[in-house]
Amino acid sequence: MTPERTADNPDAPRDALLSDLIALGGAGLAVTTFGAGDGDRTALGPGAVRLGVHRGGPLPADGLGDFDILLSADIAAPRPWVGL
């Protein structure tokens with residue numbers, strides 16, 4: 001049963017839908033920190049976002065095709081990484 005939209009809770013239907021999508025694996029965020037055991041690389045639903053984080057050490061270059069976003073602490077990191 002979907003919660004009803006009320007003046008006190010106008011986002012109830014949207015929040016319930018997002019909760020259901022996350023529970024079913026169709027949304028959400030999976031973060032992999034490289035160099036820290038390389039995180040969890042289990043299969044995700046089609047709507048989930050996979051984020052790779054590099055904080056130091058050698059910059060990974062292989063097996064990055066599954067990631068939607070790759071962030072690195074190395075400001076000069078080459079593509080597909082975004083240096084911060």
Side-chain angles (χ1 to χ4, degrees):
M1 181 172 146
T2 303
E4 294 296 318
R5 180 184 301 242
T6 64
D8 293 334
N9 194 3
D11 296 325
R14 182 197 68 196
D15 293 345
L17 176 62
L18 287 175
S19 294
D20 290 345
L21 282 171
I22 291 168
L24 293 170
L29 176 69
V31 179
T32 298
T33 302
F34 292 97
D38 288 349
D40 182 15
R41 291 203 181 194
T42 57
L44 299 174
V49 174
R50 188 176 285 279
L51 171 68
V53 178
H54 168 257
R55 290 191 171 104
L59 193 65
D62 296 325
L64 303 177
D66 291 337
F67 292 92
D68 299 298
I69 302 168
L70 292 164
L71 302 177
S72 175
D74 179 357
I75 194 72
R79 288 184 180 184
W81 293 92
V82 175
L84 304 173

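When reading the values below, keep in mind they use all heavy atoms of this one structure, side chains included, and skip hydrogens, waters and symmetry mates. Please read all numbers here as calculations on a predicted model, not as lab measurements.
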Atom of [X], atom of [Y] and distance for their closest heavy-atom approach:
{"X": "Trp81", "Y": "Gly52", "value": "CZ3-O, 4.1 Å"}
{"X": "Asp68", "Y": "Ala48", "value": "OD2-O, 3.7 Å"}
{"X": "Pro60", "Y": "His54", "value": "CD-CD2, 3.8 Å"}
{"X": "Leu70", "Y": "Phe34", "value": "CD2-CE1, 4.2 Å"}
{"X": "Gly83", "Y": "Ile75", "value": "O-CD1, 3.6 Å"}

* Asked: What is the distance from atom CG of Leu51 to atom OG1 of Thr33, rounded to the nearest 0.5 Å?
  ->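 The OG1 atom of Thr33 is 8.0 Å from CG of Leu51, to the nearest 0.5 Å.
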
* Asked: Does a side-chain heavy-atom distance below 4.5 Å link Val31 with Val53?
  ->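 The answer is yes; the side chains approach within 4.5 Å.
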
